[in-house]
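Following: one structure in structure tokens, then a few remarks.
Letters go in sequence order (proteins before strands), and every chain restarts at 1.
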There are 2 protein chains.
Amino acid sequence: MSFASVESTAKHAVARQNNVKPVVIKSSDVAPVYKDPNSFSAPAKLLSASCESCALYSLCLPISVNKNAFGKLDTIIQRRKPVKQGSHLFRHGDAFHALYVVRTGCLKTYTISPDGQNQITGFYTPGEVLGLDGLNSSYHTNYAKTLENTSICKIPFTELEKLSREIPSLQRHLFGLMAREIEVDQKLIMLINNRSADQRIAAFLLNISDRFKNRRLSGSSFRLPMSRGDIANYLGLAVETVSRVFSKLQTRKILTAENKEVTILDLVALGNLSNNMQ
Amino acid sequence: MSFASVESTAKHAVARQNNVKPVVIKSSDVAPVYKDPNSFSAPAKLLSASCESCALYSLCLPISVNKNAFGKLDTIIQRRKPVKQGSHLFRHGDAFHALYVVRTGCLKTYTISPDGQNQITGFYTPGEVLGLDGLNSSYHTNYAKTLENTSICKIPFTELEKLSREIPSLQRHLFGLMAREIEVDQKLIMLINNRSADQRIAAFLLNISDRFKNRRLSGSSFRLPMSRGDIANYLGLAVETVSRVFSKLQTRKILTAENKEVTILDLVALGNLSNNMQ
DNA sequence: CGGATTTTTGATCTGCTTCAAATGGCGTGG
DNA sequence: CCACGCCATTTGAAGCAGATCAAAAATCCG
């Protein structure tokens with residue numbers, strides 16, 4: 001029913017590559033995204049009329065804008081669009097016309113290579129901006145799919161671009177967002193090229209933990225939004241390897257993991273394992 | 001004498017990671033970069049007073065600027081700074097205040113992790129822009145080191161930023177540059193996570209070939225600017241593996257490689273091998 | 001020319017993948 | 001609310017691509 005989930009086909013999958021199934025978009029999988037009556041509805045009390053009253057304010061885009069100019073930005077942002085779990089916010093090839101800020105929930109972005117291989121390129125949690133791909137060629141190069149019921153703010157790019165010409169700090173903030181995306185990708189390359197499976201997963205968990213902490217949530221006990229398969233794909237490992245490492249970390253009393261609920265018991269040990277990479 | 005060259009320490013290097021030497025910056029290695037009398041001097045006839053007369057014009061930044069606004073950009077660009085082979089254009093931690101366009105030669109950018117591991121993050125050939133890291137935190141996160149005697153144009157960012165507010169197409173061009181950088185990184189992640197050594201190297205060679213072609217040079221016969229070790233590090237392989245794949249490709253008559261001179265004999269075969277990834 | 005570095009080739013080793021199968025969770029429909 | 005079936009996760013066993021170790025050969029560069 002949902003989009004064929006990303007399958008990890010890492011290192012020794014060469015033999016399998018010739019019979020990769022072509023990607024078929026099923027009609028039942030068309031993303032509802034906006035205006036879909038089937039979208040889950042968020043509790044009304046969580047709705048906020050303005051960015052200023054948003055809990056994510058300090059993490060989000062408008063922070064770069066002074067009070068005076070803020071009004072303009074405020075008017076162009078479309079708030080709290082609900083997107084059901086497992087549907088697409090945008091797809092490869094979709095026309096690019098907005099950036100998105102996650103408010104609640106989580107998304108993954110991924111690409112599909114000419115021969116049908118999936119590669120997750122990022123996970124996006126509340127306060128984070130996605131959609132920056134597409135800024136090159138006017139259409140998105142990634143797919144963006146929700147991992148949970150998710151709500152997002154949509155910022156039309158034409159307006160944002162215009163506004164960023166009037167507000168230098170906003171322009172700089174946009175540049176900074178993209179530079180950060182580059183940094184994240186480069187760290188991932190470093191991780192994959194130079195680290196063992198244990199280290200990759202330790203670094204990944206610490207990264208997720210930090211992101212929870214930034215949202216003033218517990219960094220030691222949280223629910224992973226993504227499946228083991230997604231983690232495997234992202235880190236360039238086989239699902240089985242990810243599962244085994246999770247098991248090993250548990251027997252070593254470094255963490256507990258019941259399904260997606262993770263509790264880090266020994267942050268120091270986890271940090272040592274990751275070689276302080278994050 | 002030169003900076004300790006990047007060593008590839010991939011997959012099974014775990015045991016070795018504890019005795020990695022700390023990175024020591026030797027005084028003899030301080031980059032001359034600008035105003036250094038020891039810099040090699042380019043033939044005077046190659047100097048061009050304006051971007052318009054530059055052979056790379058169509059690849060470079062100013063293409064996004066119309067004739068009228070062009071004059072302003074023209075005045076802020078510092079042209080044809082020579083940088084000697086093996087020296088640094090910038091280093092991790094250096095203050096960020098300019099973007100650089102390669103005119104001749106080649107550079108690599110790389111990062112060093114807390115535990116001393118090197119990771120090449122990109123190669124830059126004529127017409128390509130580097131320095132976009134650093135746009136986030138006002139200092140560079142990467143090192144940039146020349147692989148050959150190289151000349152570059154320097155574009156002070158403060159001025160460029162100001163100008164890009166006046167010229168929408170320039171602003172969009174800058175966004176596009178960064179988005180392209182992201183795309184390149186994501187393709188590399190896909191390559192490393194899902195491809196065999198043969199495929200990675202095939203894709204790499206095709207990519208280099210394309211970049212020569214874009215410069216109106218032969219895409220089938222060229223001189224690789226980087227060492228086998230650099231290729232290995234970039235692609236997450238051991239030097240020995242890279243060497244072996246090069247040998248294999250030669251016995252299969254797909255290419256010839258005498259040291260750094262490469263001639264692609266069978267482009268189709270190489271493309272098939274790479275799974276059309278590039 | 002001579003030391004240092006890079007590249008190549010061979011032999012061996014191993015971490016992770018692949019294959020296989022059991023178990024557990026979860027959503028759906030009756 | 002329970003039974004069913006599907007998918008995700010786990011665990012075991014075996015195989016392999018590529019890493020590591022070793023050493024010769026080629027190239028570079030002062």
Testing A/D133, A/T111, A/T109 one by one against A/T121 for a side-chain hydrogen bond (donor to acceptor under 3.5 Å, both in side chains), which residue passes?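 Of all the options given, the one that passes is A/T109.
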Any heavy-atom pair between the side chains of A/L273 and A/L249 that's under 4.5 Å?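 Heavy-atom side-chain distance check passes, below 4.5 Å.
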Output the rounded distance in Å from [atom1] ([X]) to [atom2] ([N]).
| X | N | atom1 | atom2 | answer |
| --- | --- | --- | --- | --- |
| B/E148 | D/dC29 | CD | P | 12 Å |
| A/N193 | C/dC16 | CG | C1' | 16 Å |
| B/D198 | D/dC16 | CG | C1' | 14 Å |
| A/K248 | D/dT9 | NZ | C1' | 18 Å |
| B/R195 | C/dT17 | CZ | P | 16 Å |
| B/M226 | D/dC28 | CE | C1' | 19 Å |
| A/N233 | C/dT17 | CG | P | 12 Å |
| A/L224 | C/dG25 | CG | P | 16 Å |

Out of [options], which nucleotide sits closest to the side chain of [X]?
| X | options | result |
| --- | --- | --- |
| A/R228 | D/dT10, D/dA19, C/dT8 | D/dT10 |
| B/V239 | D/dT11, C/dT8, D/dT10 | C/dT8 |
| B/N259 | D/dG18, C/dG25, C/dT7 | C/dT7 |
| B/E240 | C/dT8, C/dC16, C/dT18 | C/dT8 |
| A/S243 | D/dT9, C/dT9, C/dC16 | D/dT9 |
| A/A238 | C/dT17, D/dG18, D/dT10 | C/dT17 |
| B/L237 | D/dA19, C/dT18, C/dT7 | D/dA19 |
| A/K260 | C/dT7, D/dT20, D/dT9 | D/dT9 |

Between B/S227 and B/R244, name the one whose nearest nucleotide on DNA chain C is closer to the 5' end.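 The residue mapped nearer the 5' terminus is B/S227.
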Look at the side-chain N and O atoms of B/T241 and state whether any lies under 4.0 Å from the OP1 or OP2 oxygen of D/dA19.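 Yes, such a contact exists.
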Aromatic plane relationship, A/Y100 with A/H140 - under 30° parallel, 30 to 60° tilted, over 60° perpendicular: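 Ring orientation, 0 to 90° scale: tilted.
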Main-chain N/O of A/L255 paired to A/T263 side chain as donor or acceptor, under 3.5 Å: no
I'd like to know if the side chain of B/S113 pairs up with that of B/D115 as donor and acceptor (distance under 3.5 Å, no hydrogens or angles considered).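 Side-chain D/A pair, B/S113 to B/D115: present.
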